[in-house]
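What follows is a set of notes on a single structure, which appears directly below.
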Amino acid sequence: MIDVTRLTKTFWLPHRVDALVDVSLSIAAGEVVVVIGPSGSGKSTLLRCLNRLETADSGHVFIDGIDVLDPKTNINRVRAEVGMVFQSFNLFPHKSVLDNITLAQRVVRRRSRAEALQKAEALLAKVGIREKAGAYPDQLSGGQQQRVAIARALAMDPKVMLFDEPTSALDPEMIGEVLEVMKTLAREGMTMVCVTHEMGFAREVADRVVFMDAGAIVETGTPEHFFVNPEHERTKLFLSQILK
Amino acid sequence: MRSPSTPPILKRPTSYYVGAAAFFVALFGLLAALYVATMQVDYVWRWNRIPQYFVYRQKIETRVEADGEITAVAPRGDRRLLTLRSEEGEQILDVPAEGLRVAKGDSVYAGDVLAVEEHWRVGLLIQGLWLTIQVSIIATVLGVVIGLFAGIARVSKNPLFRWSALTYVEFIRGSPLLVQIFIWYFVLGTLFNSILAKQGFQQIPPLWYGVAAMATFAGAYVAEIVRAGIQSIHRGQNEAARSLGMSYPQAMIHVILPQAIRRILPPLAGEFISLIKDSSLLGIIAIRELTKATREIVTVSLQAFEMWFICALLYLILTFSLSM
């Protein structure tokens, strides 16, 4: 489904940071991969390189066999198939919840108004906020906004969902409702790549955990293996700090 | 608990009242000083002569052109048809009924007044004001259209668009408007009109070169306002739109611009106010807007002091109504 080979990315401003160093990763259809690591380890950059929100310096990303980094690739087509959920939600503040979810369906998928609305309402029911359809983003709590953002991404019928620290900007009591939606998605067989600090979620839902540090993948494995028997010292140290 | 229907009386410090009193003393002191100064130079204030430049009653006299006799007066609506018998034969004269000075049987001589008509007319000052408003509105509309495109081009990744917009903005903002008006009128205007004349077309009047100068001038400033508005929208908005598969223009039209325009409106209003004031330069290429009209009135009336204050006041009314 997703094939990443030898991906490299360096930021030069404000100072040199090797965000990705020779990263290779393969993700099968239906797999849920959780990427963890200390801040600045390159996990968000890796995620953003998958749909070319960030352009890698070298290496390859293939999604469903399509070379994402090839300039000749119509990136908009790829992105329509790859849903993304951001840490800061990034809902469109000038549009109602319903319009947030129907906009890309209408503009990109060219669905009729009725079809887009039907889809939006079904997804709002799925993420449990049907009653907020007419509200504007700033009238919603953080948890509700993030669930709308997930619905907005799902409305495109993506083959893959990318989550970039979806619960990091949330008040603690709202994290659960967002994770619940993500767990439902995982159970339904959605291919997911999640950058998160929620170890409980990783342990419960992930098929595979990827640990990154200093732009490189240090260790990957099943949650059982990863949390119980980590091989690398760096992983052990990180886990001991985060699970304290 | 319900809040009281009237706000509580605010207790202000004494310094507030002292300051307020000082303000009015200074204001009226300045006016008094101005008045005293004009007395020194024997300037006679004649405010009573000013209203005629806003509106006035125009007298139209109908005079007879030959000697003769009025032999008949026939009514037709609010006009009268006079029959004049003279050496050259009979002649029908159509004159207004109001202010009729002659009757049947009267002898008239060439140059006599047959009737006097009075009409309300709009004075030079109002004509100038109206032209200023028109020029400002047209230049504003064109300026916004130019500025919107230039502003979007300014944030484009394509050098063709970005450099073009940058060159345009820098040239316009880096040279005086007066010089730009001269270039539009004396350089571009001469070129256009000569070419049009060669092709046998009508000349474009100076007004349109003035409007073009104002519009391109405003456009450059609007472009910078638009650019700032677009760049003030959080990067995440663009990323969210693009991650959904929207193209750059789609993200711009549906996500970025609607949000940017809300932030653009207040500084845009400020830009229009500047435009109204800057239009006073157009008098230099024979466009009779408010300032030019005032200057003409000053030339004939010699009431310079009153007229320039009135002129400033009219601009103030225009700009103040926009800033509300």
Side-chain angles (χ1 to χ4, degrees), chain A residues 44 47-55 74-95 99-111 116 136-138 145-146 148-165 169, chain B residues 144-145 147-163 166 222-271:
Chain A
S44 278
L47 203 68
R48 292 163 58 83
C49 280
L50 296 184
N51 64 353
R52 215 166 91 186
L53 279 187
E54 218 74 75
T55 327
N74 183 347
I75 192 64
N76 298 325
R77 283 231 183 117
V78 178
R79 284 172 178 161
E81 308 294 333
V82 180
M84 187 156 198
V85 176
F86 300 85
Q87 182 178 348
S88 50
F89 329 135
N90 295 346
L91 291 179
F92 307 135
H94 61 299
K95 291 195 176 289
D99 289 343
N100 260 278
I101 304 175
T102 54
L103 178 63
Q105 294 190 65
R106 311 249 298 133
V107 172
V108 179
R109 290 275 191 238
R110 305 226 164 266
R111 287 178 189 155
Y136 280 81
D138 61 4
Q145 288 191 51
Q146 194 60 298
V148 172
I150 294 173
R152 178 176 70 177
L154 289 175
M156 301 298 287
D157 296 319
K159 293 176 182 156
V160 186
M161 283 286 283
L162 309 178
F163 292 86
D164 189 1
E165 304 200 23
Chain B
V144 166
V145 173
L148 198 62
F149 282 104
I152 293 169
R154 193 78 174 66
V155 294
S156 165
K157 283 199 182 94
N158 188 327
L160 170 66
F161 299 124
R162 199 174 66 229
W163 293 352
L166 192 68
V222 172
E224 284 299 278
I225 293 172
V226 169
R227 178 189 61 79
I230 290 172
Q231 288 177 341
S232 77
I233 303 302
H234 192 264
R235 206 165 51 110
Q237 289 292 311
N238 187 45
E239 287 181 352
R242 300 303 303 275
S243 77
L244 288 162
M246 286 189 221
S247 64
Y248 179 80
Q250 285 171 338
M252 217 42 165
I253 290 166
H254 295 289
V255 177
I256 307 299
L257 282 181
Q259 296 182 59
I261 281 166
R262 279 167 217 207
R263 296 190 193 179
I264 285 169
L265 285 178
L268 218 49
E271 184 49 40

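The analysis underlying the following values was restricted to heavy atoms, covering all of them including side chains, and did not include hydrogens, waters or symmetry mates. Just so we're on the same page: letters track the sequence lines, and every chain starts at 1.
Counting only heavy atoms from C-beta outward, the side chains of A:Pro93 and B:Gln237 approach each other to under 4.5 Å. Taking the side chain as every heavy atom from C-beta outward, B:Arg242 and A:Asn76 approach each other to under 4.5 Å. The shortest side-chain heavy-atom distance between B:Val255 and A:Leu103 falls under the 4.5 Å cut-off.
The residue among A:Val78, A:Ile75, A:Leu53 with the most heavy atom pairs within less than 4.5 Å of chain B is A:Leu53. Note: A:His94 leads A:Lys95, A:Arg77, A:His94 in heavy-atom pairs under 4.5 Å with chain B. The greatest number of non-hydrogen atom pairs below 4.5 Å with chain A, out of B:Met246, B:Arg262, B:Gln250, is found for B:Met246.
In this structure, the portion of A:Arg48 lying under 4.5 Å from any heavy atom of chain B is its side chain and not its backbone.
Here the closest non-hydrogen pair linking B:Leu244 and A:Ala104 is CB-CB, 3.8 Å.
Annotation: residues 156-163 of chain B contacts chain A through no residue [non-hydrogen atoms, separation under 4.5 Å]. Residues of residues 80-92 of chain A lying under 4.5 angstrom from chain B, judged on non-hydrogen atoms, are A:Ala80, A:Val82, A:Met84, A:Phe86, A:Asn90, A:Leu91, A:Phe92 in numerical order.
Note that OG of B:Ser247 and CG of A:Asn74 are 9.0 Å apart. Values are rounded to the nearest 0.5 Å. How far CE of A:Met156 is from OG of B:Ser243: 9.0 Å, rounded to the nearest 0.5 Å.
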